[in-house]
Structure formats: structure tokens, C-alpha cells
Amino acid sequence: MIKQDFDRRALANMEVALERACANIPNGEKHRARKRIANRIIRCAGKGVRTLEALSEAGRLAAMEIHDRTFAE
């Protein structure tokens with residue numbers, strides 16, 4: 001479980017990063033996109049990179065990839 005792997009500060013940073021990254025995702029893609037972005041943030045944090053800035057950047061990059069794939073289709 002994620003809560004067992006990270007301290008409270010890391011979890012709070014991860015949550016804020018996820019909300020920031022998902023702020024502009026269309027509703028139709030929201031669940032799948034949130035899951036993909038969350039996984040990217042979790043991987044970043046799992047590597048020990050747990051600052052809000054770094055986690056937000058990981059989420060932003062994942063959101064950009066989703067956006068690019070959506071419009072490439």
C-alpha cells in the first residue's frame with residue numbers, strides 16, 4: 001500500500017502534485033489519466049525524489065504525454 005511506503009510529507013506532496021497535473025484534464029479522460037499520472041508520481045517518489053517541485057514536474061510531464069497522445073489520434 002502506498003501509505004506504508006511514504007511519510008506524511010511525501011504523501012501530501014504527491015497529492016498536491018496529482019491535483020496540479022490533473023487540473024486541466026477533460027472529464028472524459030479523467031479517471032484513466034489520473035491513474036497514469038499518479039503512477040508516474042509514485043515512481044518518482046519511489047526513487048527518493050519527493051519534493052513538491054519534482055513530483056509536480058513528473059505529473060506535468062505525464063499529463064503532457066496524455067495530451068499529446070489524445071491529439072495525435
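For the atom pair CD of Glu57 and CZ of Arg60, the computed distance is 4.0 Å after rounding to the nearest 0.5 Å. Atom SG of Cys44 sits about 13.0 Å away from atom CG of Asn39, to the nearest 0.5 Å. We find the CD1-SG distance between Ile41 and Cys22 to be 7.0 Å, quoted to the nearest 0.5 Å. Here Asp7 contributes atom CG and Arg9 contributes atom CZ; the two are 8.0 Å apart, rounded to the nearest 0.5 Å.
In this structure, the side chains of Arg20 and Leu52 come closer than 4.5 Å at one or more pairs of heavy atoms. Looking only at side-chain heavy atoms (C-beta outward), Glu65 and Arg40 come within less than 4.5 Å of each other. Put simply, the side chain of Ile37 reaches to within 4.5 Å of the side chain of Leu18, judged on heavy atoms.
Contact record, Ser56 with Ala17: N-CB, 3.6 Å, taken as the closest heavy-atom pair. Nearest heavy atoms, Arg50 versus Ala10: CD-CB, 3.9 Å. The two residues Phe6 and Leu11 make their nearest non-hydrogen contact at O-CD1, 3.8 Å.
At most 12 non-hydrogen atoms from other residues, nucleotides or ligands lie less than 6.0 angstrom from CD of Glu15.
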